[in-house]
Amino acid sequence: MVKPISRRSMMAATGGVAAAVTASVAAPQAAAAASKGGSKGELFEFDNSAVVFIDYQPEMLAEVRSMDQKLMMVNARSLARLAVKMGMPVVLSTVGVKGGVNHPTLPELRAEIPDVPEIDRNTMNAWDDDAFRRAVLKTGRRRFVMLGLWTEICLAFPIADMQAEGLRTTFPADAVGGTSKEVHDLAVQRMIQAGSVPNSTFAYIAESGLDWASPQGEIMREIYTWRQAELEKLNLA
């Protein structure tokens with residue numbers, strides 16, 4: 001007599017097969033992730049991300065009150081320099097230049113990314129500007145390191161929309177600034193709630209390359225050294 005197979009036994013057997021199949025698929029994926037320094041695809045690395053600068057202009061910088069302006073600019077310049085040396089795509093945007101309201105990108109930042117076209121807009125939300133949007137999508141990346149002045153408007157607005165459209169973003173909170181610490185902090189909360197990942201300049205430099213023994217490791221050391229020297233010049237180290 002053949003013993004009937006209970007529904008519970010059938011489910012257990014099916015579950016075991018499914019688990020085995022899942023494990024066989026996951027193992028190569030885990031190995032591939034480990035070969036990239038253990039990021040498991042969650043980090044914003046030099047070969048999967050682009051860097052975006054929004055409205056680093058004299059008029060915006062003058063109103064930043066959330067942190068020391070000079071420290072913020074050293075951090076922003078560090079990340080611009082990092083992006084160029086790592087070969088990461090860079091997008092640069094301004095607002096109100098053609099209309100004669102504002103000046104172009106701050107010279108000290110422009111010097112780090114001299115060959116990047118400057119996309120001027122009228123829109124508060126950069127993501128609403130067709131040229132900006134096309135430039136971002138043209139990078140071919142799905143992950144973006146976002147920097148902007150001010151945090152509460154020119155950074156928070158595009159991040160919210162980009163996250164809603166399935167793009168992934170991170171922002172170095174010490175390389176961006178708002179018109180007060182309170183509004184900057186509120187904007188940080190808003191961006192996190194939208195799904196963006198908060199970061200710091202120092203940590204992102206490490207995240208971009210991950211491996212000291214790689215060619216990117218040499219770039220990371222160079223940027224760390226340069227940043228430290230700039231901070232010492234300003235008595236901020």
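Heads up: numbering here begins at 1 and tracks the sequence.
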> Who passes salt bridge (charged side-chain N to carboxylate O under 4.0 Å, His left out) against Asp128, sequence neighbours left out?
Replying inline: none
> How long is the span from the CZ atom in Arg141 to the CZ atom in Phe44, to the nearest 0.5 Å?
Replying inline: 12.5 Å
> Quick one: SG on Cys154 to CG on Leu149, what's the gap to the nearest 0.5 Å?
Replying inline: 7.5 Å
>> Quick check on the hydrophobic clustering: are Val183 and Ile54 connected, directly or via other members, by side-chain heavy-atom contacts under 4.5 Å?
In response: no
>> Within the structure provided, determine whether Thr169 and Met191 are in side-chain contact (heavy-atom separation under 4.5 Å).
In response: no
>> Is there a continuous path of hydrophobic side-chain contacts, each under 4.5 Å between heavy atoms, that joins Met67 to Leu231?
In response: yes
Got a list of side-chain donor-acceptor pairs under 3.5 Å for residues 55-63, not counting sequence neighbours?
| from | atom 1 | to | atom 2 | distance (Å) |
| --- | --- | --- | --- | --- |
| Asp55 | OD1 | Val95 | N | 3.4 |
| Asp55 | OD1 | Arg121 | NH1 | 2.8 |
| Asp55 | OD2 | Arg121 | NH2 | 3.1 |
| Tyr56 | OH | Gly148 | N | 3.4 |
| Tyr56 | OH | Ala175 | O | 2.5 |
| Gln57 | OE1 | Val95 | N | 3.0 |
| Gln57 | NE2 | Val95 | O | 3.1 |
| Gln57 | NE2 | His103 | O | 2.7 |
| Glu59 | OE1 | His103 | N | 3.1 |
| Glu59 | OE2 | His103 | N | 3.2 |
| Glu59 | OE2 | His103 | ND1 | 2.5 |

> Trp127 and Glu165: side-chain donor and acceptor closer than 3.5 Å?
Replying inline: yes
> By salt bridge (charged side-chain N to carboxylate O under 4.0 Å, His left out), which residues pair with Glu222, not counting sequence neighbours?
Replying inline: Lys85
> How far apart are the C-alpha atoms of Glu108 and Lys70, what are their side-chain angles, what is the distance that settles it, and do they pass the salt bridge (charged side-chain N to carboxylate O under 4.0 Å, His left out) test?
Replying inline: CA-CA 11 Å; Glu108 57 266 42; Lys70 293 180 180 178; over 6 Å; no
>> When you compare the side chain of Arg227 with that of Val74, does any pair of heavy atoms fall below 4.5 Å?
In response: yes
> Taking the side chain from Glu118 and the backbone from Thr105, do they hold a donor-acceptor pair closer than 3.5 Å?
Replying inline: yes
>> Could you check whether any side-chain heavy atom of Phe144 comes within less than 4.5 Å of a side-chain heavy atom of Val51, counting everything from C-beta outward?
In response: no
> With a 4.5 Å heavy-atom cut-off, do Leu79 and Leu147 have their side chains touching?
Replying inline: yes
>> Are the side chains of Pro198 and Thr170 in contact, using a 4.5 Å heavy-atom criterion?
In response: no
>> Using 0.5 Å steps for rounding, measure from the CD1 atom of Ile119 to the CZ atom of Arg133.
In response: 13.0 Å
> Roughly how far, to the nearest 0.5 Å, is the CE atom of Met88 from the CZ atom of Phe46?
Replying inline: 9.0 Å
>> Under a 3.5 Å cutoff, is there a donor and acceptor pairing between the side chains of Asn199 and Glu207?
In response: yes
>> I'd like to know whether Val188 forms a side chain to side chain contact (heavy atoms under 4.5 Å, CB included) with Phe171, so could you lay out the CA-CA distance, the side-chain angles of the two residues, the decisive distance to 0.1 Å, and finally the verdict.
In response: CA-CA 9 Å; Val188 166; Phe171 60 94; 4.0 Å; yes
>> Would you compute the distance between atom OG of Ser196 and atom CD1 of Ile159 and round it to the nearest 0.5 angstrom?
In response: 4.0 Å
> Can a donor-acceptor pair be found between the side chains of Asp120 and Thr94 at a distance below 3.5 Å?
Replying inline: yes
> Heavy-atom distance under 4.5 Å between the side chains of Asn122 and Lys98, does that happen here?
Replying inline: no
> Got a sec: does the CG of Asp211 have more than 12 other heavy atoms crowding it under 6.0 Å?
Replying inline: yes
> When hydrophobic residues are tied together by side-chain contacts of less than 4.5 Å, even through go-betweens, does Tyr204 share a cluster with Phe202?
Replying inline: yes
> Considering only heavy atoms from C-beta outward, does the side chain of Val84 approach that of Glu112 to under 4.5 Å?
Replying inline: no
>> Just verifying a value: how many Å separate Asp129 CG and Met124 CE, rounded to the nearest 0.5 Å?
In response: 13.5 Å
> Are Leu43 and Leu82 joined in one hydrophobic group, where the rule is that I, L, V, M, F, W and Y side chains link up if heavy atoms are under 4.5 Å apart?
Replying inline: no
> Between Arg142 and Asn48, is any side-chain donor less than 3.5 angstrom from a side-chain acceptor?
Replying inline: no
